[in-house]
Number of protein chains: 2
Amino acid sequence: MSSVENCACFNVRRVARVITQFFDAKVRCHGIRPTQTPILGALQAKDGWGMAELSEWLGMERTTLVRNLRPLQRDGLVRANGSGRGGRVELEITQKGRTALAKALPGWRSAQNKVVAILGEERWSAIISDLEQVAVKLKDQ
Amino acid sequence: MSSVENCACFNVRRVARVITQFFDAKVRCHGIRPTQTPILGALQAKDGWGMAELSEWLGMERTTLVRNLRPLQRDGLVRANGSGRGGRVELEITQKGRTALAKALPGWRSAQNKVVAILGEERWSAIISDLEQVAVKLKDQ
DNA sequence: CTTCACAATGTGTATATACACACAAAGGCC
DNA sequence: GGCCTTTGTGTGTATATACACATTGTGAAG
């Protein structure tokens, strides 16, 4: 029972790698990476996120988000308004960011559809819901 | 339907982050990381792995495994016998590696039990099995 | 006004991940 | 023997991730 094959961490990371590579192959040619898509998506849905707030929503270490934003800021897809160190920062997606996201959307949708189709939409929803529950419970501890 | 919240890549990566942090908190104090555990585990179960062979089994890019082995080799937990560039390499776990893995096992088991307990063993097995299927189908494409 | 704790952010360092590319050995073909 | 494909490995570069620590603004207590 307690072997490598059953390890929750290993198994989830393993499938995350494969799925990420699959999504990457579909959106890379549009200039953004699958890991950047949710950041842009969150900013497009609602402006004015703070760093800590957005990192919480993404389930990502705050300091990780700081680094992940760097390439997006450098390329002008995201703007960070605020004094930076010490002061609160307001994040917003730029017009260029919106355009990039829109361009990558067909590729993303194709990947998403193919992944979901493997198990079916219902099964997939159940798994996502269960995994979400795991994440929530683990963050309490 | 096609929003950030439903993205398969985002959701799986998200839960992978949380689970990894949880495992990390349990095994870090024993000197190894949750991402290194499966490598050591695979080598303990069977010696003589080649690079490509092991990376395939781990569902990891071959070049990623090369880098991930570096800290383990540096710390003397894993040995790579072979000419390296060009020639086939035989990987093996050292005695120090076996000891480190054994020391971390209680922490790992604790984390594993707690994660599995959230959904129950049956539910968890079903999810792992389904995700495994997704990984296999995606690698064909 | 000063100090002090808190809240929000960034940095140092290390590992994890992978695409594009480069390199070397082994074996078949001529 | 000399070429060439195939197989097995490593490197360059870039992003992703996070723990430990540092920094700065703000408001409350004195």
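Values in this document were obtained by computation on a predicted structure and should not be read as measured data. So that the names make sense, note that chain A is the first sequence line, chain B the second, and so on, each numbered from 1.
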Interatomic distance where [atom1] belongs to [X] and [atom2] belongs to [N] [whole Å]:
X        : N      : atom1 : atom2 : value
A:Leu69  : D:dA18 : CG    : P     : 14 Å
B:Glu61  : D:dG8  : CD    : C1'   : 14 Å
A:Leu54  : C:dG10 : CG    : P     : 12 Å
A:Asp24  : C:dA20 : CG    : C1'   : 13 Å
B:Leu138 : C:dA18 : CG    : P     : 13 Å
B:Glu56  : D:dT7  : CD    : P     : 14 Å
B:Met60  : D:dT9  : CE    : P     : 16 Å
A:Phe22  : C:dA18 : CZ    : P     : 15 Å

Exercise. Report which part of the nucleic acid A:Arg67 touches: base, sugar-phosphate, or nothing (heavy-atom distance under 4.0 Å, all strands).
Key: base

Quiz item: Base, sugar-phosphate, or nothing: which does B:Arg62 touch, judged by heavy atoms less than 4.0 Å apart?
Solution: base

Side chain of [X], heavy atoms from C-beta onward: which of [options] has the nearest atom to it?
X       : options                : result
B:Thr63 : D:dC19, C:dT17, D:dG10 : D:dG10
B:Gln36 : C:dA16, D:dG10, C:dG10 : C:dA16
A:Arg88 : C:dT9, C:dA16, D:dC19  : C:dT9
B:Met51 : D:dG10, C:dT15, C:dG10 : D:dG10
A:Arg74 : D:dT15, C:dT15, C:dC19 : D:dT15

Quiz item: When you check the side-chain N and O atoms of B:Arg13 and A:Thr20, is any donor under 3.5 Å from an acceptor?
Solution: yes

Output yes when at least one side-chain N/O atom of [X] is less than 4.0 Å from OP1 or OP2 of [N], else no.
X       : N      : value
A:Asn68 : D:dT15 : no
B:Arg17 : D:dC19 : no
B:Arg14 : D:dA16 : no
B:Arg13 : D:dT15 : no
A:Thr35 : D:dT15 : no
B:Thr64 : C:dA16 : no

Quiz item: Taking the nucleotide of DNA chain C with the closest heavy atom to each, which residue, B:Gly59 or B:Asp75, is nearer the 5' end?
Solution: B:Asp75

Quiz item: More 5' along DNA chain C: A:Gln21 or A:Glu53, using each one's nearest nucleotide?
Solution: A:Glu53

Quiz item: Given B:Arg98 and B:Glu92, is the salt bridge (charged side-chain N to carboxylate O under 4.0 Å, His left out) satisfied, shown in steps?
Solution: CA-CA 10 Å; B:Arg98 287 181 206 274; B:Glu92 69 174 349; over 6 Å; no

Exercise. Look at the rings of B:Trp49 and B:Trp57 and say which category their plane angle falls in: under 30° parallel, 30 to 60° tilted, over 60° perpendicular.
Key: tilted

Quiz item: For B:Lys46, does the NZ atom have more than 12 heavy-atom neighbours from other residues, nucleotides or ligands under 6.0 Å away?
Solution: yes

Quiz item: For A:Arg123 and B:Asp130, what are the C-alpha separation, side-chain angles and deciding distance, and is it a salt bridge (charged side-chain N to carboxylate O under 4.0 Å, His left out)?
Solution: CA-CA 9 Å; A:Arg123 183 89 193 87; B:Asp130 283 350; 2.4 Å; yes

Self-check item: Pairing residues for A:Arg14 by the side chain to side chain donor-acceptor pair (under 3.5 Å) criterion, not counting sequence neighbours
Solution: B:Glu132

Quiz item: Closest nucleotide of DNA chain D for A:Arg33 versus for B:Val18: which of these residues is on the 5' side?
Solution: A:Arg33

